[in-house]
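First up is the structure itself, then whatever we jot down about it.
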Amino acid sequence: MTEGVWGELVGQSKAVAVLRRAVATGSDALSHARQAGTHNPHSMSHSWLFVGPPGSGRSNAARAFAAALQCSRGGCGHCNDCRTSLSGAHPDVTLLRTEQLSIGVDEVRALVGRANVSPVGGRFQVVVVEDADRITERGADALLKALEEPAPKTVWLLCAPSADDVIVTIRSRCRELRLVTPDDDSVTQLLIERDGVSPALAAHSARVAQGHIGRARMLARSDTARIRRREVLTLPSRLKTLTDCLTAADNLVKSSAEEAAQATGEMDARELADLQQALGVGARGTKPRNAAAAIRDLEDQQKMRAKRMQRDSLDRVLTELTGYFRDVLAAQSSTDIPLINQDLADEIRPFADRSTGERTIRALDAVLAARTALENNVAPLLVMESLMVSIAHASRS
């Protein structure tokens, strides 16, 4: 495993090498690039776009790069600059990870204002946006000028699943850094060394997570996550009637809503209490003007956050089903392709025998269509009902 701040960037040796060269060239290359209006592809740039599949660690890479830029030793991982940069406490590192469905113009303007402040430590002012694909068009317009005319020591680090997910005017002004899906052995080793997971459980979690480090860690550490995964992956063989399909869809949507409510409940209450205190609500029986409007705005934001968390929960279901039907297709082929979900071979092989390759491909298409529908804000229950019916059709002999 790579040392220092780069330690958790599993399987990303090429990307780490690029970032280390950029850190080594430092502010001199950044100043030269700004004056020349271009940059050396092997040195520093004032704006970066980190792209890679889910779980590849693109936000971790951006945070590590931010820490290395602030560290006098290029990212030792132990000094105060490294620790505070990684945690979000460094005065010259701003981290934005939205819990809403989008990043609006007001948030972007606040970031731009922060980026224009001279660094306290004299090295760089670094802004990390973990969900740049969620920036709205108006937000992109506000960001554009900051990327075209950056402050002398400002570095923007944007993260997104792919370059195509980012508005073209933004991505065209960034240096793109691609991360890859880590291999199972690397993820296994990370779980063993970092989280103290047993080798057998680490290997199983890494394989079924398909290179998604966060998902692998969750499966390795949570009995609930492993039980939920098994419930999802045994669904296809249990869908016999239309009633089964509708019931399964309803259960999936309800459980995802409950998961979102559990994740946000305490946070929502704390945010409301803090806002009421800041507004002076309840102090000596007072209710300041505009307090109700501010509280409504907060409640709207909290509903949007819960909606995103529910959608993320359902997306994990779709990811599991994609892996399931990939295994079904592998079982139906004449080649000896190993199953991802080997622990469920007794479920997968009989399903494969009852169906055909053509039906399995249609089921995979239905899963992908469900993901697109959720991204387009189609009602989750309608999406999951349609998907369950499509899966039931795939299993009919």
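The basis for the numbers below is simple: all heavy atoms, side chains too, and nothing from hydrogens, waters or symmetry mates.
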Check [X] against [Y] and note the closest heavy-atom contact, atom names and distance.
X: Ala66; Y: Val93; answer: CB-CG1, 4.1 Å
X: Pro53; Y: Thr181; answer: CG-OG1, 3.1 Å
X: Gly104; Y: Thr136; answer: CA-OG1, 3.9 Å
X: Met388; Y: Leu321; answer: CE-CD1, 4.3 Å

Would you confirm whether [X], through its side chain, and [Y], through its main-chain N or O, come within 3.5 Å as a donor-acceptor pair?
X: Gln12; Y: Val180; answer: yes
X: Ser45; Y: Trp48; answer: no
X: Arg123; Y: Pro119; answer: no
X: Lys14; Y: Gly11; answer: no
X: Ser386; Y: Val383; answer: no

So that I can tick it off, tell me whether Glu320 and Arg228 are bridged by a salt bridge, with the cut-off set at under 4.0 angstrom between side-chain N and carboxylate O.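 No.
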Is Arg362 paired with Glu358 through a side-chain N to carboxylate O contact shorter than 4.0 Å?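 A salt bridge links Glu358 with Arg362.
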Any side-chain heavy-atom pair of Arg109 and Val112 under 4.5 Å: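 Answer no - side chains too far apart.
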So which of Arg207, Arg229, Glu347 actually passes side-chain hydrogen bond (donor to acceptor under 3.5 Å, both in side chains) with Asn341?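 Of the listed residues Arg207, Arg229, Glu347, the side-chain hydrogen bond (donor to acceptor under 3.5 Å, both in side chains) partner of Asn341 is Arg229.
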Would you say Asn376 has more than 12 foreign heavy atoms packed within less than 6.0 Å of its CG?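 Buried by this count: over 12 neighbours within 6.0 Å.
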Under the ring-ring contact (aromatic ring centres under 6.0 Å, His included) test, which residues partner Phe50, sequence neighbours left out?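 Scan of Phe50 (ring-ring contact (aromatic ring centres under 6.0 Å, His included), adjacent residues dropped) gives none.
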Nearest 0.5 Å please: distance from the SG atom of Cys245 over to the CE atom of Met384.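 Here the rounded value is 11.5 Å.
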Would you please say whether a donor-acceptor pair under 3.5 Å links the side chains of [X] and [Y]?
X: Glu259; Y: Ser313; result: yes
X: Arg238; Y: Thr234; result: yes
X: Ser256; Y: Gln310; result: yes
X: Thr319; Y: Arg215; result: no
X: Asp165; Y: Ser162; result: yes

Working note: Arg311 + Asp315, criterion salt bridge (Lys or Arg N to Asp or Glu O under 4.0 Å); need CA distance, chi angles, decisive distance, verdict. CA-CA 6 Å; Arg311 194 173 74 179; Asp315 190 70; over 6 Å; no
